[in-house]
Amino acid sequence: MSTYSSKKRLVISPRNFCFWNEWGSFRPMREISQEKFDAFAGFCRQPTSVLFGQEVAWFESKSRSVFALLMLDTDEEFSGILFARDLASRFRWVKQTAYYTSSADALAELRRLMRQVEADIEEERVQGDEADPVDFFAPVVKEQRFHERFQHLAFGEGFAAARELINVMMCWYENQDGNYIEQFQTTGFDARIWELYLFAMLVESRYAVSQPSPAPDFLARGLGGTFFIEATTINPSIINGKPATSQKPESVEEIADYVQNYLPIRFAGPLSAKLEKRYWESLEVADAPLVIAIQDFHDEFSMTYSGQSLLRYLYGVEFLEVQNDQGVEIVSRPVTHHLWKGKKIASGFFSLPDAPNISAVLFNASGTLAKFNRMGVKVAFGRPGVTLIHSGIRVSSDGRLEETFSNEVNEGYEEAWIDGMEVYHNPAATHPLNPDLLPGARHHFQTDSGFESWTPVGHLVTSRTAVVTTR
């Protein structure tokens, strides 16, 4: 049974819909989860939709060519809305029922319209303003130039769930600079996946997302406010056209040096480069928060330590455990510089002259291809014979401790796009970012009295995904 709340208690059960598990000639649609609906049709939802009513149930047709939702509006009347792929393969509004005081009456008309739209889908789907559809997986370069992870995504059975999900999402993603597909298939794969992750996270957070030309990457408009995101990544060093072997610490002493110096220096490069772009001088950007979203792709191993290194570099501070009469106390002390094999940089990105124009820095070690695979399985894009095991560390239910977990990923698996996100707020920001704009993330603040973090229950601290195939 599914229960929905409004001014009066509303209960809708599967038998009200006259369908559930099996298809039949009289069953043109079946109920699905909101997450599955969002994966296909959620991209056309506007943030203001919540002002007009509440979504109470979601449906798909047998052929999955039509999706629908049942609404309860502010006048406590029910209506149904249908969505079909336009000529660019984007699911968009095509029909709507009348308004009814009874959910059963609204569902009856919704079923009738579902049959009608599905029977005449080629005419019903035309919107009249579509661009030509783009296949992001159709090769545009020779196979030997494919990025290794693109090959896994495009052709590997173990990543079929991610492939199906990205196929849907990319119908809504704008190819602003004209070379997205080539980069997606070759050397820019990781950076493009990071951008696509940010897009998915913003859509899930109920923002209307646009991509300003030429930059920053995203403009997010929601009921709570507006902000810009510019994405960047740490990438492998390239020597003679090939990725160079990255540094890998092998002892406790090397790990400390790696965290305290090597990784901060790697973060400093792309972050400083974004400052040089001076996006805030644009009239459109000038009066809104501007956020840099950075991801570390220079080595798979590095993400284990990236978060703590980023905090160290951004604020120019480190945290130490000090034993006193009351036990162990966490104290902070300033960090002035980072030194690695003769290269020395000043610490404290937020202290740089132009840094007040940056409201915050985002980071998510889980914003990788593995997350797309899990989210794909979650909305029923999984394949028989392929099992995903998600393991790592989460913040416990009391919000104070960290606990390990290991779960099989299946349809309905509990995970959000924003899970694992860290937001580092600039204490000197000209336009501070309201933390309520990203409520599912962990937020870090430097204050006059010290340093504090707001951590949601279940926050994803570390994460790994094993792909197990049995055929």
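Residue numbers start at 1 and run along the sequence shown.
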To the nearest 0.5 Å, what is the distance between [atom1] on [X] and [atom2] on [Y]?
{"X": "L196", "Y": "L369", "atom1": "CG", "atom2": "CG", "result": "10.5 Å"}
{"X": "M421", "Y": "L438", "atom1": "CE", "atom2": "CG", "result": "6.5 Å"}
{"X": "T48", "Y": "R221", "atom1": "OG1", "atom2": "CZ", "result": "12.5 Å"}
{"X": "F350", "Y": "L314", "atom1": "CZ", "atom2": "CG", "result": "4.5 Å"}
{"X": "D419", "Y": "S366", "atom1": "CG", "atom2": "OG", "result": "8.0 Å"}
{"X": "L202", "Y": "L437", "atom1": "CG", "atom2": "CG", "result": "10.5 Å"}

Minimum heavy-atom distance between [X] and [Y], given as atom pair plus value:
{"X": "L219", "Y": "P212", "answer": "N-CD, 3.8 Å"}
{"X": "L198", "Y": "A231", "answer": "CD1-CB, 3.7 Å"}
{"X": "P456", "Y": "G440", "answer": "CG-O, 3.6 Å"}
{"X": "A441", "Y": "V423", "answer": "CB-CG2, 3.7 Å"}
{"X": "N426", "Y": "P356", "answer": "ND2-CA, 3.8 Å"}
{"X": "V285", "Y": "W280", "answer": "CG1-CA, 4.0 Å"}

- Message: Evaluate L70 against F59 for side-chain contact (heavy atoms from CB on, under 4.5 Å), listing each step before the verdict.
- Response: CA-CA 8 Å; L70 182 68; F59 310 93; 4.1 Å; yes
Determine yes or no for a side-chain-to-main-chain donor-acceptor pair under 3.5 angstrom, with [X] supplying the side chain and [Y] the backbone.
{"X": "D217", "Y": "I229", "value": "no"}
{"X": "S359", "Y": "A429", "value": "no"}
{"X": "S309", "Y": "P264", "value": "no"}
{"X": "W340", "Y": "D257", "value": "no"}
{"X": "S49", "Y": "Q46", "value": "yes"}
{"X": "R266", "Y": "N235", "value": "yes"}
{"X": "N261", "Y": "L339", "value": "yes"}
{"X": "N357", "Y": "D354", "value": "yes"}
{"X": "R312", "Y": "Q260", "value": "yes"}
{"X": "E35", "Y": "E414", "value": "no"}

- Using ring pair (Phe, Tyr, Trp, His ring centres under 6.0 Å) as the criterion, point out the one residue from F218, F227, F228 that pairs with Y207. F227
- Item | With H425, the ring pair (Phe, Tyr, Trp, His ring centres under 6.0 Å) member among W454, F451, F445 | F445
- Decide yes or no on side-chain contact (heavy atoms from CB on, under 4.5 Å) for M71 and L69, but give the supporting numbers first. CA-CA 6 Å; M71 291 282 298; L69 60 83; 3.1 Å; yes
Would you say the side chain of [Y] lies within less than 4.5 Å of the side chain of [X], judging by non-hydrogen atoms?
{"X": "E408", "Y": "Y413", "value": "no"}
{"X": "E230", "Y": "V291", "value": "no"}
{"X": "H431", "Y": "L290", "value": "no"}
{"X": "R163", "Y": "F137", "value": "yes"}
{"X": "I234", "Y": "I294", "value": "yes"}
{"X": "M169", "Y": "F372", "value": "yes"}
{"X": "D190", "Y": "W194", "value": "no"}
{"X": "Y180", "Y": "Q183", "value": "no"}

- Message: Determine whether T232 and I292 satisfy the following criterion, side-chain contact (heavy atoms from CB on, under 4.5 Å), listing intermediate values before the conclusion.
- Response: CA-CA 7 Å; T232 190; I292 298 177; 3.9 Å; yes
- Task: Test K36 against E31 for salt bridge (charged side-chain N to carboxylate O under 4.0 Å, His left out), laying out the working first.
- Result: CA-CA 10 Å; K36 187 173 183 181; E31 188 180 18; over 6 Å; no
- When I345, L263, I265, V335 are each screened for side-chain contact (heavy atoms from CB on, under 4.5 Å) with Y313, the one that passes is I345
- Message: Can you confirm if the aromatic rings of F184 and F146 lie within a centre distance of less than 6.0 Å?
- Response: no
- Task: Show your reasoning for whether ring pair (Phe, Tyr, Trp, His ring centres under 6.0 Å) applies to F91 and W172.
- Result: CA-CA 9 Å; F91 278 94; W172 288 93; 9.2 Å; no
Would [X] and [Y] pass as an ion pair if we require N to O under 4.0 Å?
{"X": "K378", "Y": "E411", "value": "no"}
{"X": "R145", "Y": "E182", "value": "yes"}
{"X": "R206", "Y": "D38", "value": "yes"}
{"X": "R45", "Y": "E204", "value": "no"}

Does atom [atom1] ([X]) have a neighbourhood of more than 12 heavy atoms from anything else shown, all under 6.0 Å?
{"X": "R92", "atom1": "CZ", "answer": "yes"}
{"X": "E452", "atom1": "CD", "answer": "yes"}
{"X": "E281", "atom1": "CD", "answer": "yes"}

Check whether the side chains of [X] and [Y] place a donor and an acceptor atom closer than 3.5 Å, and report yes or no.
{"X": "H390", "Y": "S463", "answer": "yes"}
{"X": "H444", "Y": "E422", "answer": "yes"}
{"X": "N364", "Y": "Y197", "answer": "yes"}
{"X": "T465", "Y": "R374", "answer": "yes"}
{"X": "S347", "Y": "H337", "answer": "no"}

- Query: Taking it one step at a time, do F83 and F67 satisfy ring pair (Phe, Tyr, Trp, His ring centres under 6.0 Å)?
  - Reply: CA-CA 5 Å; F83 305 81; F67 284 78; 8.6 Å; no
- Item | Six-ring centre of F405, R394 cation under 6.0 angstrom, axis tolerance 45° | yes
- Item | From CA spacing to verdict: ring pair (Phe, Tyr, Trp, His ring centres under 6.0 Å), H298, Y262 | CA-CA 12 Å; H298 90 275; Y262 175 72; 5.7 Å; yes
- Message: Could you go through Y424 and F349, starting from their C-alpha distance and side-chain angles, then the distance that decides it, and tell me whether this counts as ring pair (Phe, Tyr, Trp, His ring centres under 6.0 Å)?
- Response: CA-CA 11 Å; Y424 302 94; F349 174 78; over 10 Å; no
